[in-house]
Amino acid sequence: MLKYLTMTCVCFLASVGVSFTEQTLKTVRAVRTNTPVVDGKFTNDEWCAGGLAKDFIQIEPHEGRPASEPTKAYFLYDSQFLYVGIKCYDSEPDKIMGELSGRDSEGASDVIYLALDTYKDGRNGYFFGTTPTGVQIDGRIFNEQETDNSWDGVWYVETGICDDGWFAEFKIPFSTLSFPVKEEHVWGLNILRKVERKKEESFWQPVKRDEGFRVSNFGNLENLHGIEPGLNLQILPYATSKLRKDRLNPLTFQKDNGFTGVDIRYGVTSNLTAVLTIYPDFAQIEADEDRINLSRYPYILREKRPFFLEGASIFHTAGNSMSDGEYRTALFYSRRINQPVYGFKTTGKVGNWDMGVLHALNENDIGLKTKIENGELGSKIDPKAFYNVIRMSRDIFSRSQIGFIGMSKEYRDGFNRTFGMDTKMRFLNNYTISFEGVKSFTNNIHNGNHSINLYFSRYSDFFKFSTWYQEQAPNFIGNELGFYDYNNFRSSGGWMQLAPRLEKFGVRRMGHNINFWYKNFQNKNFFDYASLTRGWNYNFWTQTMSYWMFGAGKSFTKYFDRFDEVLYPGDSYWIRLNNNWSSKINFSINHSQGKYRTGYRWSYNSSLRIRPNNRFNMQLSYNRSQVILRDSETGSMNQHQFEIWRSKIYYHFNRNLNARLILQYNGINRQLAAYYLIAYNFKPGSFLYIAYTEQFDSESYLNNSGVEIQPNFGSSAKLLQVKLSYLIQI
């Protein structure tokens, strides 16, 4: 069946005609110069000799109108750098918004973005942005519209507020970018300006709501002569030291791996980058948020580690599913590599192919340790695994891709390997078909081991819909390398949204959504109602003219629990409210309740963000769930309560020095954790981190004599870490 669907999909893609709405592309010519000074003192004499981009057009709130505040961008270059000076005029400069936040975070700020398509392929690119306070925001664009801000390049920016607006001076090394080697370059270009107090967004090359931001619609940056991407060799050595104390051990100096490590990044060609990390350290990474999980299955965790984040988009496949902006399933889930000793990764272009290769050695592999604990592997097995991923994708037609992936996890006495192909076809301007077909191979399992994902969707500002079919065979083993709740299922469903823009009676916009879904065992009749999970819901949301949001919905469902082998009712409803994100005090409130297995459940989620000035930011969140379940033996109703408190406090002394405090209380386990971090970016790419973590609980433990101790609630573990990294760029 997999082979048939694959061939059918490929044949369909080859036969579909692709059409686009033609539009006039703007052009700006860069001017070669004697290096201007990027010093935060924008002067017309210095910048006005550059090629000029102006006449921005709104996409929000009034599509197609000229921007309410003028913007002028000037382009200069020399053999090493691209210089861009941007003047953002503002008729009310005292109302310019600029929050001092961490890298890649806009905060509640005005923003200016540059987007560059350095290959002029209409698919991929870079973006560089900043705010009036000089916060650096950057990342990569892939698959024409998707963005990945995990990439942090080395570049420079200075900003300032003046009597008639604010300005930004960009200095981008060509050695930071990848592009082909040739005498003359024409790059794709677009510029986005956001005026936060007006919620206004305007582009230099106009963007339509029905199409969205697309690399294929970029304007042109011309007249780049005699430039080269450079060697692009970066060496980032780092040193770490740790002091640890817990209830059993006194304060101890700890050296996990000889206390040093290194990251090496090398531009193999102008199109291909290799990265090697040895003994990676992630002391600066924010701890995962605890969540209340009432399902039978674990929830997916976000990847936050720089080595795995950089270039991660190349490993995404068409079958990865998202909800509320987060991935829910993934063919490759890098968090499976929980304790890497080293990692090697190559990403970039080889001919017309986008390519990614990943290899890593993982110690104390959590998946293998779980198998050892469950008796699936012998107790003497070394829980060490080698992870390997090869991913290739190629642009086809005007805006579509086809790709292939091979993955393996190799360990003593076993392996898990996955191979497959995927494609994403965009046609008739607003329609997309995605297909993924893969097979897994684990030891001697070679049959009933496939997985299929097929999606069809349409996007426009007023009307969107998608429909899907998914199937995983009983012997498909996806959780060794990826993330899935379980296998042996078929599911299908759909979603559609109508979102008119009223802009009267105090309502800016309203959205109406309908969802439906069906799910059953793959090896059963799909419409076997005894085990068929099915349901539908209606929900709506309303955005006011002052950018408050209100929404509510009602769900009607029956859910088959594979553990209890019972079809439970799951009808529920929910309601939510939040105010304008730009407010000094921002809040959100969510409530849901409904039937849950043999009883009922109530859930409450709330958050509060307080921003008294542009340096200080405090975020508080509270999640609570209450469940009543019927006891299967006595028939009595038992009540269970779960709650989690979390607070995050940020203070930015300047854009290079900041402090962060996180406090998290998990009422389920009665545990309190405190995470404190000071980060100092003393030169581009180089950091000093001081991190302190302390855990509080009342968990029992065995002392050195083997006697169980039941302590009072108090400190159980302390850890102080210092990490210094220094970037050497050649």
Side-chain angles (χ1 to χ4, degrees), residues 1-3 5-6 293 295-303 308 312 314-323 326-338 356 358 360 362 365-371 374 376-377 385-391 393 403-411 414-423 434-455 468-493 517 519-524 533 560 562-563:
M1 183 178 182
L2 175 61
K3 183 185 296 184
L5 281 174
T6 301
N293 184 8
S295 77
R296 304 281 197 180
Y297 308 99
Y299 51 79
I300 197 167
L301 298 173
R302 292 181 180 177
E303 182 58 87
F308 295 102
I314 186 64
F315 300 104
H316 295 172
T317 60
N320 289 11
S321 66
M322 297 186 71
S323 177
E326 294 186 5
Y327 283 103
R328 301 301 182 190
T329 66
L331 186 63
F332 173 61
Y333 178 48
S334 58
R335 290 291 294 259
R336 298 290 181 205
I337 308 173
N338 59 289
L358 173 68
N362 194 37
D365 186 88
I366 192 168
L368 296 184
K369 292 180 72 173
T370 301
K371 286 187 173 185
N374 295 339
E376 299 176 47
L377 292 175
F386 293 91
Y387 286 77
N388 305 283
V389 185
I390 299 177
R391 168 71 167 158
S393 66
F404 304 90
I405 192 167
M407 308 187 298
S408 75
K409 175 180 177 180
E410 310 287 335
Y411 52 92
F415 63 85
N416 177 248
R417 298 166 187 160
T418 303
F419 304 94
M421 65 83 65
D422 68 314
T423 186
S434 300
F435 169 77
E436 176 187 281
V438 298
K439 276 194 171 187
S440 70
F441 300 89
T442 303
N443 296 341
N444 295 319
I445 299 175
H446 301 288
N447 296 307
N449 54 345
H450 67 270
S451 172
I452 295 170
N453 294 273
L454 182 63
Y455 299 88
W468 68 87
Y469 174 80
Q470 298 174 297
E471 175 177 310
Q472 281 191 9
N475 291 329
F476 177 78
I477 308 299
N479 272 337
E480 294 270 0
L481 289 153
F483 189 94
Y484 301 94
D485 285 344
Y486 47 78
N487 56 10
N488 189 15
F489 71 84
R490 287 190 182 122
S491 72
S492 66
W517 58 91
K519 196 169 193 176
N520 210 333
F521 290 90
Q522 191 269 342
N523 56 2
K524 280 190 174 185
T533 294
F560 184 77
R562 294 190 173 207
F563 289 82

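- Looking only at side-chain heavy atoms (C-beta outward), Thr442 and Phe476 stay at 4.5 Å or farther from each other.
- Heavy-atom contacts from other residues, nucleotides or ligands closer than 6.0 Å to CD1 of Ile366 number 12 or fewer.
- When every heavy atom of Val438 is checked against every heavy atom of Gly420, the shortest pair comes out as CG1-CA, 3.6 Å.
- Using a 4.5 Å heavy-atom cutoff, the side chains of Arg417 and Glu410 are in contact.
- In this structure, Thr418 OG1 and Phe332 CZ are separated by 11.0 Å, a value rounded to the nearest 0.5 Å.
- In this structure, the separation between OH on Tyr469 and CD1 on Ile452 is 6.5 Å, given to the nearest 0.5 Å.
- Here the straight-line distance linking atom CG of Leu331 with atom NE2 of His316 works out to 11.0 Å at 0.5 Å rounding.
- Within 6.0 Å of NZ in Lys524 there are more than 12 heavy atoms belonging to other residues, nucleotides or ligands.
- The side-chain tip of Arg562 points at the ring of Phe521 from less than 6.0 angstrom away and within 45° of straight on.
- Checked by atom type and distance alone, the side chain of Asn520 never pairs as donor or acceptor with a backbone atom of Arg490 at under 3.5 Å.
- Minimum heavy-atom separation, Gly367 to Lys409: CA-NZ, 4.2 Å.
- In terms of modelled atom types and a separation under 3.5 Å, the side chain of Arg391 and the main chain of Gly356 share no donor-acceptor contact.
- The closest side-chain heavy-atom distance from Phe489 to Thr533 is not below 4.5 Å.
- A salt bridge is absent between Asp365 and Lys371; no separation between the charged side-chain nitrogens and carboxylate oxygens falls under 4.0 Å.
- No side-chain donor-acceptor contact under 3.5 Å links Glu303 and Tyr333.
- Contact of the Trp468 side chain with the Asn453 side chain is not registered, since no non-hydrogen atoms from C-beta on lie closer than 4.5 Å.
- For Asn374, the CG atom counts as densely surrounded, since its 6.0 Å shell holds more than 12 non-hydrogen atoms of other residues, nucleotides or ligands.
- In this model, a donor atom of one side chain and an acceptor atom of the other lie less than 3.5 Å apart for Ser408 and Asn388.
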Between Phe308 and Arg335, does a side chain to side chain contact (heavy atoms under 4.5 Å, CB included) hold up when you go through it step by step? CA-CA 9 Å; Phe308 295 102; Arg335 290 291 294 259; over 6 Å; no
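- A donor-acceptor distance shorter than 3.5 angstrom exists from the side chain of Asn487 to the backbone of Pro474, with no hydrogens or angles considered.
- The shortest distance between side-chain heavy atoms of Glu480 and Phe415 does not fall below 4.5 Å.
- Residues Asn338 and Asn362 have side chains that bring a donor and an acceptor to within less than 3.5 angstrom of each other.
- Listed for the Asn449 side chain is a donor-acceptor partner under 3.5 Å among the backbone atoms of Ser440.
- For the pair Phe483 and Asp485, the tightest heavy-atom approach, listed with the atom from each and the gap, is CE2-OD1, 4.4 Å.
- Between Asn523 and Asn488 the shortest side-chain heavy-atom distance falls below 4.5 Å.
- Between Tyr297 and Phe563, the angle of the ring planes lies from 30° to 60°, which puts this pair in the tilted group.
- Taking each heavy atom of Lys519 and Ser491 in turn, the nearest pair found is CG-CB, 3.7 Å.
- The distance from atom CG of Asn416 to atom CG of Leu481, rounded to the nearest 0.5 Å, is 5.0 Å.
- Atom CZ of Phe404 and atom CG of Asp422 lie 8.5 Å apart (nearest 0.5 Å).
- Going from atom CD1 of Ile445 over to atom NZ of Lys439 covers 13.0 Å, rounded to the nearest 0.5 Å.
- A 4.5 Å side-chain heavy-atom check between Asn479 and Tyr486 finds every atom pair outside the cut-off.
- The shortest non-hydrogen separation linking Ala318 to Ser434 is CB-CB, 3.9 Å.
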